[in-house]
Every structure is written in structure tokens, then in C-alpha cells.
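Read the numbers this way: they start at 1 and go in the same order the structure lists the ligands and their atoms.
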Amino acid sequence: MRLIVPLPGNEAFAERLATAGGFELGRLETRRFPDGESYVRHLSDMAGRTVDLVCSLARPDPGFLSLLFAADAARDLGAAQVSLVAPYLAYMRQDRRFKPGEAVTSRPFARLLSGAFDRLITVDPHLHRYPDLAALYAIPTATLHAAPVLADWIAAEVPDALIIGPDEESEQWVAAVAARVGAPHIVLRKIRRGDREVEIVLPDLGAWTGRRPVLIDDIASSGRTLIEAARRLQAQGLKPPVCVVVHAVFADNAFEELARISDQVVSTDSVPHPSNAISLAPLLASALREPDAAGPARRRRRSESGAVTTEGPG
Ligand SMILES: O=P(O)(O)OC[C@H]1O[C@H](OP(=O)(O)OP(=O)(O)O)[C@H](O)[C@@H]1O
């Protein structure tokens, strides 16, 4: 039976995942030594097991070494395969050098995870300029999509919805959500001017004032995209929107600001947040039940020197 091991902060999601999939829930002890270094101890038997470390990667920096140490220790303790289940995958947005000298952090981050895990399973990674995760990760990856569960939530909770994507990039998956809901959809135009500065351009929406706008986006971080979109919609006489996001990263007071001008703000549980209303646990559990959901995992061998060698795809 698969062993699901949560990193700190991921216990509730891991429990939902283990329950949904009928998997065993493992335990990991972590703490800091007095000098600030990380201590990691597996409290479950790893020998010969298929182990899934569960770690949503919103704000990944403080816990990242513990994650790498937990993966290394699992293998060292005899795990047959060590996967990372990251419902939210970080460092996807610095996908090119925007200014001279910048680190293209998506690449070294992917190299670090590819060196530590046999495979990666995630939901709607922010693939802006990369065609897929295989362009970035050297290990087999499975990319799951939240669109069907978002659509099912909207269909059950929001009558007379008008599905709205805040930018042209969102067209494809907004159309998929709208088709499943059986509602019309439109896509706005976004001009990003900085980390916290976006401009949203709307077509004439006068024909849609009777519908409930449902703004959907993959990530809410500074919240500016959704806040600006919500403001523009209301300036055109539309009702306050329902905002549905996959990854509730929400920096600073972004959530409170967005909630003030929205009818409702909901998210999936890929990042633990008070707005979580749609669970991804059943989706991830069924992917984990499929033996080949992530493609054949790499086989690793640890040499006597401790070096890990890789065979198979990737
Ligand atoms: O809450 P916010 O701070 O507005 O960030 C979230 C928005 O940013 C991303 O798109 P975008 O293409 O603007 O960002 P990218 O350049 O990072 O891909 C994402 O798809 C959201 O629309």
C-alpha cells in the first residue's frame, strides 16, 4: 500500500488524500536544531514502499531543505520509489530572464526536485512560456487539471453564471470550464506592468448584466489580476463576481481586498487557505491509484559512496 507522508502544514490535505485513495498515512518529525539547521525523522517504515511526500509549495523557501532531506532519507531507509505530490508547484513564473543578470529560477528549482524525487505529481502548474513540465523537469511528471472540479462546483453553486477568464492565456481552460458548466464565457485582456501592477481591458459587457460573473484564474498571488478585473466588471454595471481560483497563494491582504468587492471567493485546497472550498484530494487520489499516471518512474540505485544513479526515462 502507498505511504503518504505530509511535510509540515500539509497534514490535513495528506489525510484527505489518504482517505480518498485508501492509502496509509505516514508521519514525519521535523524540528530545528538550536543553530537553525533542519532535523528530519521518518516515523514510518519505508523499506520497499512506494512513498509519496505531500508538500504544497506555496512559499517554499523556509521548508525546502527539509523536503529534500525527507526525500533523501526515505530512499536511504529503503523506499522503492519516492514521489513528490505538490498540489501547487512553485517557481514556475520566473521562466525567463526579464532583466539582465536575473536567475531563471524555474530551471534550478526543477533541477533540485528532479535530483531528489523519482516523479512529480501536480495540479495546473503555471505553464506560461513552457509547453509542459517535461521541458523543465528531468523526472516523469503528471499534470492534473482542476477545471472539471471547478466546473462542478460552479454548476452546483452559481445559477446563471457568466464564466470569465482575466487574460488571453486563460482562454483554453476557461472555455473547458464553461462547456462543462453549460454557461457562456468571455476572456478579458491583461497587461502586466509589474509584480503588483496589472491593467485589465474589457469588451462591452452590457449584454451580460443579468448574469453572475464568475472570474476564474489559476493563481491569486498579489490578487491584482482578480481585483482589477472585479472592479472593471462592476464599473460596467455587472454584479459583484464569484472568484474561483485554483491556487490560493494570496500575499499580504490580497484575499481581504478581493473578498470586499466580490460576492464570494473560493479556491481548491492546493494551498491551505480559509477560502478552500473545492478539494483536489479525490483527483490526486485517483491519479495515484493509476500505476502509470506519471509514466514509468525512474529506477534509482544508491552506490556505496551514496551517489544516486538514474535509469529509465528522464
Ligand atoms: O494575483 P496576481 O499577483 O495578479 O498573480 C496572478 C496572475 O498572474 C499569472 O498570470 P501572468 O501571466 O500575469 O503572470 P506571469 O507573468 O507570472 O505568468 C496568473 O495566471 C494570474 O493571472
Side-chain angles (χ1 to χ4, degrees), residues 56-61 86-99 102-110 122-133 135-136 143-147 150 163-178 185-202 213-233 241-262 264-268 270-276 278 280:
S56 185
L57 289 168
R59 299 173 185 85
D61 296 15
Y88 173 67
L89 182 61
Y91 282 107
M92 290 301 294
R93 298 175 73 185
Q94 181 91 37
D95 54 3
R96 71 179 176 93
R97 190 166 285 121
F98 299 95
K99 290 185 190 156
E102 283 180 347
V104 184
T105 46
S106 51
R107 299 202 299 246
F109 190 73
T122 190
V123 180
D124 290 325
H126 187 71
L127 293 166
H128 188 161
R129 277 165 281 259
Y130 294 113
D132 52 36
L133 286 180
L136 197 54
T143 297
L144 309 181
H145 299 287
L150 301 188
I163 312 294
I164 305 178
D167 51 33
E168 285 148 339
E169 271 170 72
S170 66
E171 162 74 42
Q172 215 175 343
W173 73 288
V174 166
V177 170
H185 79 278
I186 55 167
V187 169
L188 313 181
R189 194 160 66 83
K190 173 167 73 182
I191 303 151
R192 181 172 284 286
R193 302 199 188 280
D195 291 355
R196 293 167 191 271
E197 207 185 329
V198 296
E199 188 185 327
I200 302 283
V201 183
L202 267 66
V214 179
L215 274 167
I216 61 174
D217 209 351
D218 61 340
I219 303 171
S221 172
S222 75
R224 294 330 301 179
T225 298
L226 289 172
I227 291 165
E228 289 311 314
R231 282 200 183 124
R232 294 274 168 195
L233 292 171
V242 172
C243 297
V244 180
V245 300
V246 181
H247 305 300
V249 176
F250 286 121
D252 307 324
N253 60 351
F255 174 67
E256 290 72 17
E257 199 179 333
L258 180 62
R260 271 199 297 277
I261 55 166
S262 303
Q264 205 179 348
V265 181
V266 299
S267 62
T268 78
S270 70
V271 180
H273 188 267
S275 62
N276 291 171
I278 304 165
L280 297 175

- Note on the structure: Lining ligand 1 at under 4.0 Å, by non-hydrogen atom distance, are residues Arg93, His126, His128, Asp167, Glu169, Lys190, Arg192, Asp217, Asp218, Ile219, Ala220, Ser221, Ser222, Gly223, Arg224, Thr225

- Mutual orientation of the aromatic rings belonging to Tyr91 and Phe109 [parallel < 30°, tilted 30-60°, perpendicular > 60°]: tilted

- With Glu199 as reference, evaluate Arg192, Arg193, Arg232 under the side-chain hydrogen bond (donor to acceptor under 3.5 Å, both in side chains) test and give the passing residue. Arg193

- Query: So do the side chains of Glu228 and Leu188 get within less than 4.5 Å of each other, counting heavy atoms only?
  - Reply: no

- Query: Short question: side chain of Thr268, backbone of Val246 - any donor-acceptor pair under 3.5 Å?
  - Reply: yes

- Message: I'd like to know if the side chain of Ser56 reaches the main chain of Ser270, judged simply by a donor and an acceptor atom lying under 3.5 Å from each other, with no hydrogens or angles considered.
- Response: yes

- Task: Report yes if the side chains of Pro241 and Ile164 come closer than 4.5 Å at any heavy-atom pair, otherwise no.
- Result: no

